[in-house]
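Heads up: the structure comes next, in structure tokens.
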Amino acid sequence: MFSRTSIAAHLILLIIPITAIIFSGIFGYSYWESLRLAQKDIRTSADRLADATVNKIESKLVAAQKVSRSLATFAECEGRGADEIHRFLKATISDNPEIYGAAVGFETNSLEKDLKYFCPYYCNRSNQVEYADLGTDKYDYPGWEWFSLPRAAGVPAWSEPYFDEGAGNVLMTTYSTPFFRSEGSSRRFLGVATADLSLAAIQEQLRNIRIYESGYAFLISEKGRFIAHPDKALFDKNSIPILGEAGRRMIAGETGFEGYSCRRLGQECILSFKPVAANGWSLGIVFPKSEYLADLHRMAKNLLITAAAGFAALLVLLMLTARGISRPIEGLTTAAEAVAQGRIRRAEQIALSHEKLLRVPEGVKARNEVVRLHQAISGMVRSLDSLLSQVVNSSENVSKSAQRLDESGRQLEATVTEQAASTNQVNATSKEISATSRDLANTMQQVSAVASDAAGLAGEGMRSLAEVRSAMQSLLDATSEIAGKLSLISETTATITQVITTITKVANQTNLLSLNAAIEAEKAGQYGRGFSVVAQEIRRLAEQTAISTLDIEAMIGEMRSAVSDGVSAVGRYTDQARESSEKVVQISERLGRLIEQTGRLGAQFGDVNEGMQVQSQSAAQISEAMHQLNETARLTKATLAGFKKITEQLNDTVSGLQGEISRFTVR
Amino acid sequence: MLLLLFQIAGDCFGLDADRVIEVVPLVGLRALPRAPAHVAGLMNYRGIATPVVDLAALLTGHGARNHMSTRIIVVPFKGPDGTDRPLGLMAERVTETRSFKQGDLLPAGVDVKDAPCLGEVVMDPRGGGMVQRVRVDALLPAEVRETLFKLAGNAENA
């Protein structure tokens, strides 16, 4: 990665992400913390606002309760007259302006026997105390809730908000305290003393509560009906469908702080609620989330804009810094590349042009790394230049020397090679002479020995041959005699065969004759009977003759074949014997001649043999000397080859060096 | 009665001796080219060109061997013109005659249609074998007979 990107890009890629990560961390943490603090803050302020509002409402309620009780206490005393009650009631109303109205209602016929209803009512209306008599048939106060509830329960009670037509003619709520007359152990219900609170005042008070832009407060009664709400249409409506679970908790008199999706504002809110202890009402305050978090969001937005600006500034700064570093380095890189390509003069020019740009001090060791790099490269280029010039000169000198050396070596080698070749030839020739004469000497010795042996053996052979010859001759004579006798036998047998054939023919003719005779005799009938007997006898005789003849014929046939086999065998044997005899005679003659010659040769062989041995020894000595000479020549040649190899290496090295140097352009 | 004995393929057969003119040795026969295999040739019998039938060839398909005992039996034979003419029958081992009584002849029991010449058999008193009588009249089929004598006649005329 480092080699593929420039320094500027590398710096930016390295620093920007890290900075962004750090900033994101800080921003995330501060945003989360601020959110937590804002929520805590809103809870505190919601609690405070609820407490203050509830206190205000309660103070009014408590005031009403007090008035109601004091009126009850006054009314329950014995012997109170109507006028007295009127007066006290009027005074109480005018003394307590926060009370809208108050009434003392007696049970029918309780104050006076003939008086059915008694219920005076005073109220503060437009800063005037007004009177209204409720003890009329038309109003019929015992039927109203504010009277009937405490009478039934026997304890004071707050009524649900209602619109009293005929008495207050405003929206109100009434606190009624029953009063009794003690009669022995029991007590008798006498009537009810009431104090009215105008709801308009409470509604006004709640309406004045402003929470951010659109936040609001509302009040629900003990039975869950809206008493006060910015939306007047909701008055006296059931709150459960609107508030849901939160509404139930409010009715149950709980304190709470929870998320609430407000349909009226159409956004997520926080609902804080608190019960009014005196009469079981519950106060609810709605904080729209977006509004109480608005500041936080604004802060975050500003912070992000600032950060973006900061990043842009950082980017520009980084690019400038990187350029400041990379530009001089680029110049130096070009110079170094020029050196690498061998263009030393070009490198020097580049180095000089950068000297001004970097304001390089003369002769002082700089602290800036780039400047130091520049100094080093300039120095290097100068040193390289001078070194190369020297190397060029030296290498030329060395090359010339090496060439001269090489030539001398070559000449020397040629001479030595020629010498070696000549020596080799001489050596080979002498070796051949030596080997040949040695072989010859050996052969002569063997021949001499064989010749003397042969002479001895030939003498013996001559004698044996003479014996064989005489034996052969006698064998030949014997076989000739046998052959003659056998041919005689053969002739005799032929004669016998002829005789036998004749006999057989006669027998046959006799048989035929007898047959015909028998037939003729048969034809002659009775006359021929004697003749028939004769014919039969003749035939028997013929048969016997024929049988004997057949036996002799068989014997003669066997003898004839045996004799003819014998004649041919003896003939062949005689021929062979004759041939052998002739050959023996020939061999005998040749052997005789050979033996004579061999006997003469023996003495001459001895002389030749001695001469041969002397020659062989001399040739071996020459060969040895030549071999030594050859060995010396071979060593010289090997040394020369080593020398040649070294000069070749030197030449190669020098030419390599020159090739390398030729890449550089120097002065 | 006397039977002249001969052999064909090792079996013994007999001819009535009173029907035999003569037994002659196996003389040189004149060959008849393109004649049936059982016609051995023509011989000169007392100046008459006589056809010779090889009985072995006629009865077994294999010709008679050339032995000294192989002979020609000359019998009279009625030609197509009704006259008796000599006919040579070549057979092996024609060396013996034997006498039998008329009562010794027994029917063969088998009647071979293609060989009507084979007649009664008789037990040979000397050996264990049987001798079968050959009827000379039925020896040759009619067309052969005709052919033979025509041939013989032609030869004679020539």
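Everything numeric in this text was worked out from a predicted model, so none of it was measured.
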Next on the checklist: By the salt bridge (charged side-chain N to carboxylate O under 4.0 Å, His left out) test, which pairs, at least two apart or in different chains, include something from residues 1-11 of chain B?
Outcome noted: none
Item to check | Pairs touching residues 27-38 of chain B that satisfy side-chain hydrogen bond (donor to acceptor under 3.5 Å, both in side chains), sequence neighbours left out | outcome: none
Next on the checklist: Using every non-hydrogen atom in the two residues, find where Ile519(A) and Val23(B) come nearest and quote the distance to one decimal.
Outcome noted: CD1-CG2, 3.7 Å
Item to check | Contacts of residues 53-60 of chain B with chain A (heavy atom under 4.5 Å) | outcome: none
Next on the checklist: Quick check on Leu2(B) against chain A: is it the side chain, the backbone, both or neither that has a heavy atom closer than 4.5 Å?
Outcome noted: both
Chain B and chain A: which donor-acceptor pairs fall below 3.5 Å?
residue	atom	partner	partner atom	Å
Leu2(B)	N	Glu522(A)	OE2	3.4
Val20(B)	O	Lys523(A)	NZ	2.5
Ile21(B)	O	Lys523(A)	NZ	3.3
Val23(B)	N	Asn516(A)	OD1	2.6
Val23(B)	O	Asn516(A)	ND2	2.8
Arg71(B)	NH1	Asn511(A)	OD1	2.4
Arg71(B)	NH2	Asn508(A)	O	3.3
Arg71(B)	NH2	Asn508(A)	OD1	2.2
Arg71(B)	NH2	Asn511(A)	OD1	3.3
Thr95(B)	O	Asn511(A)	ND2	3.3
Thr97(B)	OG1	Arg539(A)	NH1	3.4
Thr97(B)	OG1	Arg539(A)	NH2	3.1

